[in-house]
**Student:** 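Handing you this structure, nothing more for now.
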There are 2 protein chains.
Amino acid sequence: MVGIPTLDDVARAAQVHPGTASRALNEETRSKVSPATVGRVLAAADRLGYTPNAVARGLRRQRSMTVGVLIPDLTNAIFPPIVRGIEESLSPRGFTAFVANTDNDDYRERRAFEAFRARQVDGFIFANARRDHGLIQEAFNLGIPSVLANRRTDKSLFPWVAGDDDDGVEQIVKHLVELGHTHVAHIAGPQNNSAGFARAESFRHFVKQHGLRELDCPVVIADAFDTESGGSATKQILHHFPAVTAIFAGNDMIAVGVLGALREAGVHCPVDMSVVGFNDMPLAKDLAPSLTTVAVSGQQLGAMAATLLLDEIAGVDRERTVLLPVELVVRESTAPPRVGALSLARQASAARE
Amino acid sequence: MVGIPTLDDVARAAQVHPGTASRALNEETRSKVSPATVGRVLAAADRLGYTPNAVARGLRRQRSMTVGVLIPDLTNAIFPPIVRGIEESLSPRGFTAFVANTDNDDYRERRAFEAFRARQVDGFIFANARRDHGLIQEAFNLGIPSVLANRRTDKSLFPWVAGDDDDGVEQIVKHLVELGHTHVAHIAGPQNNSAGFARAESFRHFVKQHGLRELDCPVVIADAFDTESGGSATKQILHHFPAVTAIFAGNDMIAVGVLGALREAGVHCPVDMSVVGFNDMPLAKDLAPSLTTVAVSGQQLGAMAATLLLDEIAGVDRERTVLLPVELVVRESTAPPRVGALSLARQASAARE
DNA sequence: AAGATTTATGCAATCGATTGTTTTAAGGTG
DNA sequence: CACCTTAAAACAATCGATTGCATAAATCTT
C-alpha cells in the first residue's frame, strides 16, 4: 500500500470488512462492534496513521462540515478578530471555514457564494450584509442555513449577532454630555449598511434625550467606513459647523481619518475637539491621542455567530438576535470643551436664532 | 426532482447517459460529444440551474481545488492583504482557500494542518514559518506541495515569497545616515523567525558598510512583533543607550510601540528620535507622526505565493525564491538628529573609548 | 434440543461525478 | 454488398466512506 491509507487499508490490516471498520472507528456506531474487533481496528488505524477522508465522508453524509464566511474587507481591523472567533468556535466541532473577501463588490460576492455552494458548505456567515441585500435574500429563499454577523438586512431573514450599538451610542452621548459638550457632530457610515444607519438613528435619538438641540448636532454621512471618508467628512464639519466641539465617528477607521484631518487643520484633539470612535479596533489604544471608543469583542461576536450557525445546521432552534454587551473605553481623545469654545458655541447658536 | 440538481438530473433531462453529459459539460472532453448533444445537455444544465458538486468531483479526480492557508496572526495588519492576494490569485483558477489562524501555537497549527489534510487540500501556503519548523519539515517529507510566504525556514524546503528585506534595510540605514544619524538602534523581531533574524543581520551589515560603528548601533531583541514588545524594548534603549537618535523597528507594530513609549517618556519624535518601521501596514500613514517605513505589497506577495503554489500543484517548475521589490516611504517620523543630540552622542561615544 | 432472540459481521448500494472500455450506428472503401 | 474505420453514446468501475439489510453465529427460552 502506497500513499495515504484509506478505510479499506485499515480494514484489510485488521482483517475485517470495511463496513465494520467504519463502525468501529465512529464513536456513535462503535457499540455495534465487538470490543475485540474495535481494538484490532483502532490499532490498525493507529499503526497506519489513518485519517478519514473528509471529502468522501462529506459526499456520503451530505454534510461537508465546512461553512462559508463572507467578509467585506479583511483589511478593516474589526474583521480579523471576528474571523478568529469564528474559527475558534468551528474548529472544536470539526468544522472548517472557507473565507472570502468580497470588497463590497456584488460580483465578487456572488462568485464566492457560488464557489462555496459548489463546495457544499453547510452554511454561511455573512459579515457583509447591506440593508437590502439580494444575495442574502437569495440564500434565504434557497433555505441555506446562515447567520449575519455585525451588519443585518432590514428584513429579518437570518439570525443576527452584533454589538449592542444602541447602548454604545447612548454611552458615548452621555459621556460627551457629561464632559460638557453641547455641540456634537456624528460622522455616520454608509446608510445602506445597518451599522451606519442604526448608529445614526441612535445618535439622533440620544442627543435629543440628553437635552441637546438637534440643530447643534449635525450628522454627516461618510461614503465608507474608512480613513479617507472620515477625513473629508471632518473638513465639512470644520467648515460648516464651527461650533462643534466633539465628533462621534461611525467607527474607528473614520475616527483615524478625523484625527488626521484635525491635525492637518491645526485643530488640537482633545483640547479643541473631542473624538470618539466605535469598535475599539486593535490599534485604537496606540493612536496619538489614544482613542476613546466603544469596545465590542469581535472574537466573541464571531464565536457566537458560528455557534448560532452550527445550531441552525443541526436543526436546533435558537434566538434570532444576539446583542453582545459593549463597553465605553475612555482614553485621551475626549476631554471637556474649552471654555472659550463653549461660549463661542453659545454665541454661534444664539446668533443663528 | 427536488433539491439541488445533479448530473444525473441533467442527463435525464437531456435524454443522454450521465457519462455523456459529463463529457458535454467539460470543456476538455466536449469534442468527444456531437454538437447537437452538447447543445441539448448545456440547455438542460442551464434550465435546471446545474452546478457541479465540487466535493464529488474532487473525490473522483483526486484534486480538491482547495488550498490551506496558515496565518500566524490575522490581527497583525500585514496578513490580511496577503490573504486577499492569495484569494485574488486562486479564485480565477477555480481554487478556494481554507484559512486558519495559528496564533503561533504549535498545537493549533497542527490541528489546522491535520484538518486541512483530511479535507484533501491540494497544497499549503505557510505564512507562519519559523526558522526551524517541525510541521513544515513534515509537510516536506510528505511531499505536499507548499509555498512559504513572508517567513522562511532555514533549510530551503519549499519555494518562498517575500519582500526584499535586505534591500529595505539598506534603504533605511542609508536614509538615516543621510539625515545625519550616527547612533541608530534596531529593535529586532524574534530571532526564531526568519524576518526578525534576517533584518537584524542586514542591519548589522549595512550599518557597518555605511561607516557607522557597531558599538553605536545596538540591536535589541523584542519578544514578539507587537506593540508591547516594541514599547519595552524602547525603554531599554532609552535607558542603556542614551546616545541613540534613531530607532529602526523590526516591523510597524513594534514601531507603534516605540512611538507610544517615546511619548510616554517625553521624547519627541522625530525631533529627539527618528523612528522607522517595516511593512507599511494599512494604518502606518495615519499615525501621529506618520511612520517612515518600507512598503511591501502584501497583496502582491500573497498573489505570487498562490501562483507559485498552483504551478507546483500543476507540476510546473518555477523559481524557488521570489523577492518582491520594496520601497522606502519617507514620512514624518524621521528627521535629522538635533544638533545638541549629535554632539551629545559624540561625547558619549568618546567617553566610552 | 428446537426455536426465538440477540449480537457481530459481511454484503452491497449509495453519495455525485469522471473516465477507460465496450457497444452501436453511421459512413467509407473496394 | 461485405468489410473496415470512425464517431457517438452507453456501460460500468471508481474515488473513500457510510449505512440499511442480510446472514451467520452465539446466547437465551421453555
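None of these values were measured; they are calculated from a predicted model. Every chain is numbered from 1 and lettered A, B, ... according to where its sequence line falls, protein lines coming before strand lines.
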**Student:** Does a side chain donor of either Thr153(A) or Arg131(A) reach within less than 3.5 Å of an acceptor in the other side chain?
**Tutor:**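 Short answer, no.
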**Student:** How about Phe124(B) and Phe158(B): are their ring centres within less than 6.0 Å of each other?
**Tutor:**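 When the ring centroids of Phe124(B) and Phe158(B) are compared, they turn out to be at least 6.0 Å apart.
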**Student:** Side chains of Arg119(B) and Ser64(B): is there a donor and an acceptor less than 3.5 Å apart?
**Tutor:**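 No, Ser64(B) and Arg119(B) have no side-chain donor paired with an acceptor closer than 3.5 Å.
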**Student:** Quick check for you: name the first and last nucleotides of DNA chain C, 5' to 3', having an atom under 4.0 Å from a heavy atom of chain B.
**Tutor:** dG16(C) to dG20(C)
**Student:** Could you give me the CA-CA distance, side-chain angles and deciding distance for Asp8(A) and Thr6(A), then say whether side-chain hydrogen bond (donor to acceptor under 3.5 Å, both in side chains) is met?
**Tutor:** CA-CA 5 Å; Asp8(A) 280 19; Thr6(A) 69; 5.0 Å; no
**Student:** As a test of understanding, state which of Lys155(A), Arg152(A), Glu109(A) forms a side chain to side chain donor-acceptor pair (under 3.5 Å) with His133(A).
**Tutor:**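 Of Lys155(A), Arg152(A), Glu109(A), side chain to side chain donor-acceptor pair (under 3.5 Å) with His133(A) is met by Glu109(A) alone.
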**Student:** Please write out the pairs of protein N or O atoms and N or O atoms of nucleotides 10-12 of chain D separated by less than 3.5 Å, giving the distance to one decimal.
**Tutor:**
unit_1  : atom_1 : unit_2   : atom_2 : d
dA10(D) : OP2    : His17(B) : N      : 2.7
dA10(D) : OP2    : Thr20(B) : OG1    : 3.0
dA10(D) : N6     : Arg23(B) : NH2    : 2.9

**Student:** Between Asn26(B) and Thr29(B) (side chain of the first, backbone of the second, donor and acceptor by atom type, cut-off under 3.5 Å), is there such a pair?
**Tutor:** no
**Student:** Mind checking whether Gln299(B) and Ile86(B) have side chains closer than 4.5 Å, heavy atoms only?
**Tutor:** no
**Student:** If we count only N and O atoms by modelled type, under 3.5 Å, do the side chains of Thr66(A) and Thr96(A) hold a donor and an acceptor together?
**Tutor:** no
**Student:** Using a cut-off of strictly less than 4.0 Å between a heavy atom of the residue and any atom of DNA chain C, enumerate the qualifying residues of residues 52-60 of chain A by number.
**Tutor:**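 Close to the strand are Leu59(A), Arg60(A).
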**Student:** Taking the side chain as every heavy atom from C-beta outward, state whether Arg23(B) and Ser31(B) have any atom pair closer than 4.5 Å.
**Tutor:** no
**Student:** If I take atom CD from residue Gln300(A) and atom CG from residue Leu324(A), how far apart are they, to the nearest 0.5 angstrom?
**Tutor:** 5.0 Å
**Student:** Can you sort out which residues in residues 31-41 of chain B have a heavy atom within less than 4.0 Å of DNA chain D? Ascending by number, please.
**Tutor:**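 Going residue by residue through residues 31-41 of chain B, the ones with a heavy atom under 4.0 Å of DNA chain D turn out to be Val33(B), Ser34(B), Thr37(B).
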**Student:** Please enumerate all residues that pass ring-ring contact (aromatic ring centres under 6.0 Å, His included) together with Phe79(A), with sequence neighbours excluded.
**Tutor:** none
**Student:** Would you be so kind as to tabulate the donor-acceptor pairs closer than 3.5 Å made by side chains of residues 44-63 of chain A, with sequence neighbours excluded?
**Tutor:**
unit_1   : atom_1 : unit_2   : atom_2 : d
Asn53(A) : OD1    : Val55(A) : N      : 2.8
Asn53(A) : OD1    : Ala56(A) : N      : 3.0

